[in-house]
Amino acid sequence: MTTLTIAGALLPGHGPATTTVLVKDGRIAAIGEPPTGTVLDAGGGSVLPGFIDAHAHLLSLGESMAVLDLRDAAGFAEVVRRVAARAASAAPGEWIIGRGWTPAGDPPHHHPLSQAAPDNPVLLNRFDHHGAVVNAAALRLAGVDAGTADPPGGRVLRHEGEPTGVLLETAADLVRAVIPARDAAGRRRLLRQAAAHCLRLGLTGLHDAIDDVTWIDDYRALLAEGVPMPRIFGMVRAPAEGDLAEFAGDVLTGTGDPRFALQRLRLVSDGGLAARGALFAEPYCDDPGHSGAALVTQERIREAARAVLAHGHGLTVHAIGDLANHRLLNTLEPLVADRPGHRFVVEHATVVTPGDQRRMAALGLIASVQPAHLHAATGYLLDRLGADRARHAYAFRSMLRAGVRLAHGTDFPVAPPDPMLTLHAGETRQSRSGGEPLFPAERLTRAELLHGATAEGAYMARREHDLGALTPGHRADLVVLDRDLFAADPAELPQIRVRHTLIDGIPAQ
């Protein structure tokens with residue numbers, strides 16, 4: 001029997017005095033017992049259940065760590081400068097990929113990018129991945145020109161009929177499709193790097209979006225090699241065509257490994273709010289001719305729901321705009337109203353009217369929300385929606401009051417994977433630099449945010465019996481912080497660091 005004692009630990013709900021957590025054979029055995037076995041000193045820092053991110057993109061995180069990071073670029077001129085620097089050392093024809101571009105002001109034109117990298121195709125993904133800006137070489141390779149029609153759910157922005165290089169929503173896929181795919185070795189290298197980063201941040205579980213079934217073998221191979229990884233609860237992207245009952249039966253199978261489960265089908269019903277792709281009942285205030293786009297039919301969602309219910313699996317549907325959420329509830333209601341154990345998930349649930357909040361709760365739907373998106377949304381939300389609609393965006397307090405279960409995640413790398421940023425954004429509703437809070441009545445308490453980032457992620461995975469709580473008998477997936485979480489000022493939250501991450505009582509980083 002392996003025994004570990006975490007000493008000098010501050011535990012939520014256990015008062016200001018430090019105590020001990022006794023771990024035996026990978027599970028929490030007792031709280032407050034005298035130290036025995038190997039002793040890990042928490043040094044007066046908080047010990048918490050491991051964080052479980054309710055919406056993650058692990059491979060995309062690895063890719064974002066390997067490409068140009070544009071999140072801190074001060075304007076498009078700085079973006080162009082960084083592309084030029086990369087092009088100076090790149091081989092002719094080599095793709096230059098970037099991530100984190102944040103549009104500001106008028107949409108850019110590809111001319112500066114094309115001059116900076118004339119011999120290299122360039123694709124720079126938006127910070128939310130709901131579009132990209134590309135250069136002339138990339139447009140040529142993808143065959144995108146004046147005669148290219150907007151694809152369903154996407155827009156090719158144009159100037160005097162010619163593409164500007166800004167591709168919104170599915171239009172960006174026209175170029176992404178011609179980028180050479182990474183082989184298995186490349187994917188596994190990126191997954192390994194991303195997993196290590198998540199463990200350093202205290203993430204012991206991820207509801208991970210798996211967009212290609214070939215990636216499933218990558219996860220299994222890494223686990224077989226003994227690579228330290230958070231637990232993976234897979235959300236497999238449903239194909240656009242084909243029999244979903246057959247697909248669910250073939251793919252959502254048990255792995256026999258408590259660290260890796262394929263639990264849900266995932267569909268995307270509308271686009272992103274920042275890119276004006278989220279589907280609303282009324283047009284955007286700053287784009288009166290546009291109200292977003294539906295990216296999947298309600299019949300396809302209905303087919304997916306029936307398929308997973310038949311096999312005893314789950315469903316996740318991305319819905320951001322008020323109309324997307326309303327239509328989704330209309331579609332699911334007759335299927336789940338009498339199925340209280342379904343644990344279906346509305347991904348994002350960003351703008352939900354009060355009546356639909358109550359319906360969501362009554363149907364037992366889980367809202368997988370991303371408080372850290374508020375850090376960016378404070379800069380554009382009122383412009384997009386106006387005050388009347390914006391008050392229903394990221395309305396976490398109202399949703400809890402209506403009875404909706406909130407599982408917290410980041411959608412990383414759209415937002416950084418650090419759970420401390422989730423706590424900061426949900427508690428302050430400010431940007432990272434401060435400023436006016438966005439609808440402060442919708443703030444959550446630190447305890448509520450911690451619960452959503454731990455216990456609710458376990459519930460979403462049907463693992464509340466052994467994950468997400470500091471309870472004897474639960475698995476010892478634990479995080480040791482460098483200070484008292486509940487004594488920290490809100491502005492101090494982003495500076496809190498993780499000293500130790502344990503999975504089954506074993507240090508994982």
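Counting from 1, the numbers follow the sequence of the chain as shown.
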Practice problem: Over all heavy atoms of both residues, which pair between Ile210 and Gly234 is shortest? Give the atoms and the distance, please. | Solution: CD1-CA, 4.0 Å
Exercise. Give a yes or no answer on whether the side chain of Ser114 reaches the backbone of Ala136 with a donor-acceptor pair at less than 3.5 Å.
Key: yes
Quiz item: For residues Arg176 and Asn125, is any side-chain donor paired with an opposing acceptor at under 3.5 Å?
Solution: yes
Quiz item: Around atom CD of Glu241, are there more than 12 heavy atoms of other residues, nucleotides or ligands at under 6.0 Å?
Solution: no
Quiz item: Given the rule in the side chain to side chain contact (heavy atoms under 4.5 Å, CB included) test, do Phe127 and Arg71 qualify, once you have shown the distances and angles that lead to the verdict?
Solution: CA-CA 7 Å; Phe127 74 97; Arg71 289 173 296 177; 5.7 Å; no
Quiz item: Any side-chain heavy atom of Met460 within less than 4.5 Å of one from Val345?
Solution: yes
Quiz prompt | Asp183/Arg189 salt bridge by N-O under 4.0 Å criterion | solution = no
Exercise. Would you confirm whether His130, through its side chain, and Gly272, through its main-chain N or O, come within 3.5 Å as a donor-acceptor pair?
Key: yes
Quiz prompt | Side-chain donor or acceptor of Ser60 paired with backbone N/O of His57 under 3.5 Å | solution = no
Self-check item: N/O donor-acceptor pair under 3.5 Å between Arg429 side chain and Leu374 backbone
Solution: no
Practice problem: Would you indicate whether the side-chain heavy atoms of Met399 and Leu406 approach each other to under 4.5 Å? | Solution: yes
Quiz prompt | Shortest non-hydrogen separation from Ala184 to Asp218 and the atoms involved | solution = CB-OD1, 3.9 Å
Quiz item: Rounded to the nearest 0.5 Å, how far does OH of Tyr380 lie from CG of Leu273?
Solution: 5.0 Å
Quiz item: Under the 3.5 angstrom rule, does the side chain of Asp356 hit a backbone N or O of Val352 as a donor-acceptor pair?
Solution: no
Self-check item: Basic-acidic side-chain contact under 4.0 Å: Arg140, Asp145
Solution: no
Quiz item: His424 and His375: side-chain donor and acceptor closer than 3.5 Å?
Solution: yes
Quiz item: Are Phe51 and Leu450 close enough, and set up right, to give a side chain to side chain contact (heavy atoms under 4.5 Å, CB included), and what steps lead you there?
Solution: CA-CA 8 Å; Phe51 293 105; Leu450 179 62; 3.7 Å; yes
Quiz item: If we ignore angles and hydrogens, is there a donor and acceptor under 3.5 Å between the side chains of Thr316 and Glu347?
Solution: no
Exercise. Test Arg391 against Glu442 for salt bridge (Lys or Arg N to Asp or Glu O under 4.0 Å), laying out the working first.
Key: CA-CA 9 Å; Arg391 69 166 52 93; Glu442 296 293 345; over 6 Å; no
Quiz item: How about Asp212 and Arg237: do any of their side-chain heavy atoms sit closer than 4.5 Å?
Solution: no
Quiz prompt | Intermediate values then yes/no, salt bridge (Lys or Arg N to Asp or Glu O under 4.0 Å), Arg155 and Asp287 | solution = CA-CA 13 Å; Arg155 287 195 291 169; Asp287 191 358; 3.4 Å; yes
Practice problem: May I ask you to test the Leu385-Phe280 pair for a side-chain heavy-atom distance under 4.5 Å? | Solution: yes
Exercise. Verify whether one side chain among His55 and Asp411 offers a donor that lies under 3.5 Å from an acceptor in the other.
Key: yes
Self-check item: Interatomic spacing from CZ in Arg192 to CE in Met229 - rounded to 0.5 Å
Solution: 9.5 Å
Quiz item: Considering all heavy atoms of both residues, which atom of Thr454 and which atom of Gly50 are nearest to each other, and what is their separation?
Solution: CG2-O, 3.6 Å
Exercise. Start with the C-alpha distance between Tyr394 and Thr378, add both sets of side-chain angles, then the distance that settles side chain to side chain contact (heavy atoms under 4.5 Å, CB included), and finish with yes or no.
Key: CA-CA 11 Å; Tyr394 306 99; Thr378 56; over 6 Å; no
Self-check item: NE2 on His313 to CD on Gln263, rounded to 0.5 Å
Solution: 9.5 Å
Quiz item: If you measure from CZ on Phe412 to CG on Leu58, what distance do you get to the nearest 0.5 Å?
Solution: 5.5 Å
Exercise. Could you tell me whether the side chain of Asp477 reaches within less than 4.5 Å of the side chain of Pro230, counting heavy atoms only?
Key: no
Quiz item: Taking everything shown except Glu282 itself, do over 12 heavy atoms lie less than 6.0 Å from its CD?
Solution: no
Exercise. Please check if any side-chain donor atom of Gln357 sits under 3.5 Å from a side-chain acceptor atom of Ser398, or the reverse.
Key: no
Practice problem: State, with a plain yes or no, whether a side-chain heavy atom of Val133 is found less than 4.5 Å away from one of Trp101. | Solution: yes
Quiz prompt | side chain to side chain donor-acceptor pair (under 3.5 Å) partner of Glu448, chosen from Arg443, Arg397, His408 | solution = Arg397
Practice problem: Check the pair Leu265, Leu252 against side chain to side chain contact (heavy atoms under 4.5 Å, CB included), reporting the backbone distance first and the verdict last. | Solution: CA-CA 8 Å; Leu265 287 186; Leu252 301 183; 4.1 Å; yes
Quiz prompt | Other residues, nucleotides, ligands: >12 heavy atoms within 6.0 Å of His290 NE2 | solution = yes
Quiz item: For the atom pair CG (Leu244) and CZ (Phe247), what is the distance rounded to the nearest 0.5 Å?
Solution: 8.0 Å
Quiz item: Do side-chain atoms of Glu94 reach the backbone of Ala91 as a donor and acceptor pair under 3.5 angstrom?
Solution: yes
Quiz item: Do Tyr284 and Asp383 get their side chains close enough for a donor-acceptor pair, meaning under 3.5 Å?
Solution: no
Quiz item: Is a salt bridge present between Asp482 and Arg499, judged by a nitrogen-to-oxygen distance below 4.0 Å?
Solution: no
Quiz item: Counting only N and O atoms by type, is there a donor-acceptor contact under 3.5 Å from the side chain of Asp217 to the main-chain atoms of Tyr219?
Solution: no
Practice problem: Please indicate whether Arg220 has more than 12 foreign heavy atoms, meaning atoms of other residues, nucleotides or ligands, lying under 6.0 Å from its CZ. | Solution: yes
Quiz item: Does a side-chain heavy-atom distance below 4.5 Å link Val346 with Leu328?
Solution: yes
Quiz prompt | Closest heavy-atom pair and its distance - Arg446, Ala488 | solution = NH1-O, 2.6 Å
Quiz item: Which of parallel (below 30°), tilted (30 to 60°) and perpendicular (above 60°) describes His109 and His159?
Solution: perpendicular
Quiz item: Of the options Thr422, Leu444, Leu493, which is the one that meets Glu427 in a side-chain contact (heavy atoms from CB on, under 4.5 Å)?
Solution: Leu493
Quiz item: Do NZ/NE/NH1/NH2 and the carboxylate oxygens of Asp72 and Arg82 come within less than 4.0 Å?
Solution: yes
Self-check item: Distance (rounded to the nearest 0.5 Å) between Asn135 CG and Leu123 CG
Solution: 9.0 Å
Quiz prompt | Asp322 and Arg389: CA distance, side-chain angles, deciding distance, salt bridge (Lys or Arg N to Asp or Glu O under 4.0 Å) verdict | solution = CA-CA 9 Å; Asp322 58 12; Arg389 278 186 296 176; 5.0 Å; no
Self-check item: Pairwise side-chain contact, Trp95 with Val175, heavy-atom cut-off 4.5 Å (strictly under)
Solution: yes
Quiz item: Is there a donor-acceptor contact under 3.5 Å linking the side chains of Thr410 and Gln370?
Solution: no
Quiz item: Between Arg497 (side chain) and Leu481 (backbone), is there a donor-acceptor pair under 3.5 Å?
Solution: no
Self-check item: Flag, side chain of Thr501 to backbone of Leu199, donor-acceptor distance under 3.5 Å
Solution: yes
Practice problem: Measure from the side-chain N and O atoms of His207 to the backbone N and O of Gly457, and report whether any donor-acceptor pair falls under 3.5 Å. | Solution: yes
Practice problem: Apply salt bridge (Lys or Arg N to Asp or Glu O under 4.0 Å) to Asp270 and Arg327, showing your working. | Solution: CA-CA 11 Å; Asp270 66 342; Arg327 286 181 176 178; over 6 Å; no
